[in-house]
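Following: one structure in structure tokens, then a few remarks.
Residue numbers start from 1 in every chain, and the chains themselves are labelled A, B, ... in the order their sequence lines are given, proteins ahead of strands.
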Amino acid sequence: MNKDDFYRRVYRVVRRIPTGKVTTYGAIAEQIGARSSSRMVGYALHGVAGDMDIPCHRVVNRNGELTGKMHFATPTLMRDLLESEGVTFRGDAVDMKLHFWQPGKQRKQG
DNA sequence: CGGCTGACTGCGA
DNA sequence: TTCGCAGCCAGCC
């Protein structure tokens, strides 16, 4: 598992996040085989913030908080994008019980 | 090579 | 429920 490969896997999972859903750094890390490197997931997204190919705004922490919004063009862009997709919020955090998406749960589809 | 930081998470008080 | 500590690994100086 090379570092570049790690990033690739992160992007791969993030891109599989369906519209109107979100997932967590830990869930992605675990899905790609790096449960202990949840922070690395967010770090990987840091390199693609602004890349339309990667819906990095659909990735939040386990509490649903938009911890990475500060890395977007504007601190409100992340939430704005999510709300435009139908994601609802509980205060300043995403309602995980309604929008949490588990990576790999749809793997059996194909 | 060593020290500090960061888009995280789990456990204990 | 809220706050603090430890583990993790990559990037920068």
Side-chain angles (χ1 to χ4, degrees):
Chain A
M1 170 83 77
N2 294 328
K3 291 179 297 187
D4 290 337
D5 193 37
F6 174 87
Y7 279 49
R8 292 295 178 185
R9 290 184 183 279
V10 173
Y11 306 149
R12 178 72 60 177
V13 176
V14 174
R15 288 171 58 167
R16 293 172 68 83
I17 304 174
T19 304
K21 306 289 284 188
V22 302
T23 193
T24 71
Y25 303 96
I28 297 172
E30 188 171 347
Q31 168 60 12
I32 66 180
R35 216 239 354 172
S36 326
S37 305
S38 49
R39 332 180 44 156
M40 276 42 295
V41 176
Y43 205 101
L45 297 179
H46 182 129
V48 295
D51 191 331
M52 290 324 217
D53 292 333
I54 315 293
C56 38
H57 60 272
R58 296 185 191 146
V59 186
V60 298
N61 70 354
R62 66 185 181 93
N63 287 326
E65 299 173 67
L66 280 44
T67 47
K69 65 179 187 177
M70 56 175 287
H71 292 282
F72 285 74
T74 61
T76 54
L77 178 60
M78 189 172 186
R79 175 166 180 162
D80 189 41
L81 289 169
L82 290 171
E83 291 187 318
S84 69
E85 294 181 353
V87 176
T88 56
F89 281 73
R90 292 285 294 176
D92 291 337
V94 176
D95 197 336
M96 297 304 278
K97 55 181 16 175
L98 296 179
H99 302 289
F100 175 60
W101 176 81
Q102 178 67 260
K105 296 202 69 169
Q106 59 154 13
R107 284 173 53 81
K108 15 189 356 179
Q109 294 293 328

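- Applying the side chain to side chain donor-acceptor pair (under 3.5 Å) definition to pairs two or more places apart or across chains, those involving residues 74-83 of chain A are A/R79-A/E83.
- Among the atoms of the strands shown, base atoms are found under 4.0 Å from some heavy atom of A/A49.
- Looking at residues 39-48 of chain A, you'll see A/R39, A/M40, A/Y43 sit with a heavy atom under 4.0 Å from some atom of DNA chain C.
- No side-chain heavy atom of A/T23 sits under 4.5 Å from any side-chain heavy atom of A/V13.
- Sorted by first and then second residue, the pairs that involve residues 46-72 of chain A and meet salt bridge (charged side-chain N to carboxylate O under 4.0 Å, His left out), not counting sequence neighbours, are A/R58-A/E85.
- Close approach of DNA chain C to chain A, defined as any atom under 4.0 Å from a non-hydrogen atom of the protein, starts and stops at C/dG7 to C/dG11.
- Among the duplex regions that DNA chain C forms, those built from at least three successive Watson-Crick or G-U pairs under 3.5 Å are B:2-6 with C:9-13, B:8-13 with C:2-7, ordered by first number.
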Using the salt bridge (charged side-chain N to carboxylate O under 4.0 Å, His left out) rule, take A/D5 and A/R9 through it: C-alpha gap first, then chi angles, then the decisive distance, then the call. CA-CA 6 Å; A/D5 193 37; A/R9 290 184 183 279; 3.2 Å; yes

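- In this structure, OG1 on A/T24 lies 5.5 Å from CE on A/M96, to the nearest 0.5 angstrom.
- In this structure, the NE2 atom of A/H71 is 12 Å from the C1' atom of B/dT5, given to the nearest Å.
- Rounding to the nearest 0.5 Å places CE of A/M40 at 7.0 Å from OH of A/Y7.
- Remark: A/P18 pairs with A/K21, A/W101 by the side chain to side chain contact (heavy atoms under 4.5 Å, CB included) rule, at least two apart or across chains.
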What side-chain donor-acceptor pairs closer than 3.5 Å can you find for residues 87-95 of chain A, not counting sequence neighbours?
{"from": "A/T88", "atom 1": "OG1", "to": "A/H99", "atom 2": "NE2", "distance (Å)": "2.9"}

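- Every pair tested for side chain to side chain donor-acceptor pair (under 3.5 Å) that includes a residue from residues 33-46 of chain A fails, sequence neighbours excluded, so the list is empty.
- Residue contacts shown for A/Y7 are limited to sugar-phosphate atoms, with no base heavy atom under 4.0 Å away.
- Interatomic distance, CD1 of A/I54 versus CZ of A/R12, reported as 9.5 Å (0.5 Å rounding).
- In this structure, CD1 in A/I17 is found 8.5 Å from NE2 in A/H57, a value given to the nearest 0.5 Å.
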Where do N or O atoms of nucleotides 9-13 of chain B meet protein N or O atoms at under 3.5 Å, pair by pair?
{"from": "B/dT9", "atom 1": "OP1", "to": "A/G26", "atom 2": "N", "distance (Å)": "3.3"}
{"from": "B/dT9", "atom 1": "OP1", "to": "A/R62", "atom 2": "N", "distance (Å)": "3.3"}
{"from": "B/dT9", "atom 1": "OP2", "to": "A/R62", "atom 2": "N", "distance (Å)": "2.8"}

